[in-house]
Amino acid sequence: MDSFKKQIEQDIKEYQLNFKFIQNIDKDEWAFNYWILDKLFYEDEELIEEKIIEYNDLGIDAFEIYEDTKDIYLIQNKYYSDNTKISSAYVKNDFLLRAIHALENGTYTKSEELQNAFTKMKNEPDFTVHLQLFVSNNLHNQEADNYVKEFNLRNAKYIAQIYYLDDIKNRYYNEVEQNKRNITVKVESINKSTILNINTESYKLENVLDARYVLTPVVSIYRLYRESIEKSYPIFDKNIREYLGNTGINTGIYQTLHDKNDRKNFFYYNNGITIICDSMTSIKTQHSEYNMNAFFEIENPQIVNGCQTVNSIYEYLKNIPPQDLEKEFKDTFVMLKILVIDRNNDCENQLYKDIVKYNNSQNSIDEKTFVSNTSIFIRLQEEFADKGFLLLIKQSDKNIFSTKYKTLTKLKEANHNRLERFGLDDIKKVSDAFIPLEKLLQVINAFVAGGYIAYVKKSSMLKFNSDQYNVATEFIKNDTVTIDTLLDLYMLYKKAEQAKKETDDARAPIPYYLIDFFAIYECKNRDYKEITNQLSDKQKIEQIIDLYKKVSKAYSKRYNQEFDVDYNKMIKQTIKYNIVDDLRDIFL
């Protein structure tokens, strides 16, 4: 069995152990839905149950709605054995058609929230529905894959994709398994006149790099990226791949490529792609019927700008039959800037880093954020480790830390006193010391912006320049906030989580609400300086947990009485602080 499949199984067993109160969690197929929403969509644990419709529903198993970007994800999950292949008929009829037709007709009855969101957004120009099917093995069904390609060619606003086990693994780690071997790829253009050489010899300047500007067909970019995937070559610069997260589809780019009349304007709409490589060959000619008469080769390319452009080109063009690619996209071009840099030369290597930084300062993040995001979290990771806790910046950090800390002695010595102060058990395995970055940012947002924000905006926590990301990073950089402050605040959340699991219904205290109330009352209206003092001894911490355990439970009850809304829907609503004020006074 694939080791990653074993990891999924272990995660499912952990859910079943920790969340016994969740209906259907004991069914592995249902729990796989939970795993997908938790690990791939970063949904908060408290909200996942509401996003799962039915684990045996033929139309939709789960869904995600992103109103800010006008995206809806319709998710199907197949928790199969290693020898069960996905059915072609299922993909053709149920996965691709059943749910969409019901939503289009306004007759989808399994989720009022989903139907209302679809109806509200369906006429928006940026509206996109992503149909995603996750299969827990690698038994590809070519006929089913072809159905998906045909569906994508017919529909501009609906994008379907099947993720087999290896695809799930790559998405989980946010990276393709890479090897370090060299690669040489081909770049094509209309003719020699559509390639502009810029080099030291021509310009007689010492500080000019060998470079080329190339008007290249999108087909050439598609083939370049496809070859890097096939050879497991890391074509995206690691800073872009790991920190920007720009490896998804840009629906605007995707829909332009879909439109046969508009795709000829692609060059005018797009900012282009920047590649840094080790070397380039001279330009040669070849015979082509479709605007690809000149070509040259580049060695070890790294895409440092234009990740979404490249991904969107690849995701759309992979649906086109190979024999039709050049004809279909003969008039669809993108500007490619290629720079030759010797990364073994210290000066040129620094220039490489600066090019990465400044090329991406024009994107959805600014230069300040780009610089800080590669350092602030790494600094936290190092300092957390010194105090016995392991901050997970990337999914792959789990494996790195599990290998590094096979012996727990050093971690235990560093974190024992803090865990004891918060009434938490000593760590028994390395994963007990893990702190996921997005959860840390949720806790910070709960303190600064409120428990409601922490629950409903989890997907924005790691989006650079989002309000939630900025709130968290500004908190971390505040002069009054120390590493101890951050860890104490997070341990209060962990203690609330533990207390919640110990109750009969596992509903109180509500962890992010507790952080919110602690910030308002104990920390005098969210004063950062009060955190350390209020969490300085075990007795204070126990009193805080006990108080807000009672307040949370009573709040849920009164909210239900006044608004006829149950717990699962309540935590997606703004908090009624006047009720909290009354209840806190009563229990004090």
Are [X] and [Y] close enough that their ring centers fall under 6.0 Å?
| X | Y | answer |
| --- | --- | --- |
| Y172 | F4 | yes |
| Y493 | Y512 | yes |
| F384 | F434 | no |

Margin query: The test is side chain to side chain contact (heavy atoms under 4.5 Å, CB included); show your working for L492 and I515 and say whether it passes.
Written below: CA-CA 8 Å; L492 181 62; I515 298 295; 3.8 Å; yes
Nearest heavy-atom approach of N415 to I427 is ND2-CD1, 3.9 Å
Any side-chain heavy-atom pair of [X] and [Y] under 4.5 Å:
| X | Y | answer |
| --- | --- | --- |
| Q23 | E49 | yes |
| V310 | I235 | no |
| L419 | M491 | yes |
| K27 | F32 | no |
| H416 | D426 | yes |
| L547 | F517 | no |
| L390 | L411 | yes |
| Q302 | I275 | no |

[Y] six-ring centre to [X] NZ/CZ under 6.0 Å and within 45° of normal:
| X | Y | result |
| --- | --- | --- |
| R507 | Y555 | no |
| K576 | F563 | yes |
| R171 | Y163 | yes |
| K439 | Y455 | no |

**Message:** Determine whether K457 and D467 satisfy the following criterion, salt bridge (charged side-chain N to carboxylate O under 4.0 Å, His left out), listing intermediate values before the conclusion.
**Reply:** CA-CA 10 Å; K457 294 291 185 180; D467 290 343; over 6 Å; no
Distance-only polar pair, side chains of [X] and [Y], donor-acceptor under 3.5 Å:
| X | Y | answer |
| --- | --- | --- |
| D516 | Y577 | yes |
| N478 | T480 | yes |
| Q381 | D397 | yes |
| Q498 | K495 | yes |

Find the distance between [atom1] ([X]) and [atom2] ([Y]) and round it off to the nearest 0.5 Å.
| X | Y | atom1 | atom2 | answer |
| --- | --- | --- | --- | --- |
| E45 | E497 | CD | CD | 6.5 Å |
| Q7 | I12 | CD | CD1 | 11.0 Å |
| Y521 | R526 | OH | CZ | 9.5 Å |
| Q534 | I541 | CD | CD1 | 10.5 Å |
| W35 | D28 | CH2 | CG | 14.0 Å |
| F518 | Y548 | CZ | OH | 8.5 Å |

So does [Y] get a backbone contact from the side chain of [X], meaning a donor-acceptor N/O pair under 3.5 Å?
| X | Y | result |
| --- | --- | --- |
| S466 | S460 | yes |
| N560 | V565 | yes |
| Q132 | I75 | no |
| N33 | I52 | no |
| D527 | C523 | no |
| E29 | Y79 | no |
| D585 | D582 | no |
| T473 | N470 | yes |
| D546 | E542 | no |
| Q76 | V135 | no |

Q.
K13 vs Q10, test: side chain to side chain donor-acceptor pair (under 3.5 Å). Steps then yes/no.
A. CA-CA 5 Å; K13 285 183 172 61; Q10 290 171 1; over 6 Å; no
Check: Do the rings of Y73 and H130 sit parallel, tilted or perpendicular, given the 30° and 60° boundaries?
Finding: parallel
Would N311 and Y225 count as a side chain to side chain contact (heavy atoms under 4.5 Å, CB included) here? Give the steps. CA-CA 8 Å; N311 273 280; Y225 185 32; 3.3 Å; yes
Determine, stepwise, if the pair D432 / K429 fulfils salt bridge (charged side-chain N to carboxylate O under 4.0 Å, His left out).
CA-CA 6 Å; D432 292 339; K429 53 186 184 298; 3.2 Å; yes
Between K51 and E64, is a salt bridge (charged side-chain N to carboxylate O under 4.0 Å, His left out) present by the stated rule, with each step listed?
-> CA-CA 7 Å; K51 300 293 178 70; E64 285 287 350; 3.4 Å; yes
Go through it in stages, so that I can follow the logic: the residues are M570 and I510, the test is side chain to side chain contact (heavy atoms under 4.5 Å, CB included), and I'd like the CA-CA distance, side-chain angles, deciding distance and then a yes or no. CA-CA 11 Å; M570 179 195 75; I510 306 172; 3.6 Å; yes
Quiz item: Is the number of heavy atoms from other residues, nucleotides or ligands under 6.0 Å of K410 NZ greater than 12?
Solution: no
Checklist entry - Would you find more than 12 non-hydrogen atoms of other residues, nucleotides or ligands less than 6.0 Å from D564 atom CG? => result no
Check ion pair K20-D26 (N to O, under 4.0 angstrom): no
(message) Salt bridge or not between D488 and R418? Use side-chain N to carboxylate O under 4.0 Å.
(response) yes
Next on the checklist: Under the criterion side chain to side chain contact (heavy atoms under 4.5 Å, CB included), I'd like the reasoning laid out for Y452 against Y513: C-alpha separation, chi angles, the key distance, then a yes or no.
Outcome noted: CA-CA 8 Å; Y452 165 76; Y513 280 23; 5.5 Å; no
Of K500, K569, K572, the one forming a salt bridge (Lys or Arg N to Asp or Glu O under 4.0 Å) with E46 is K500
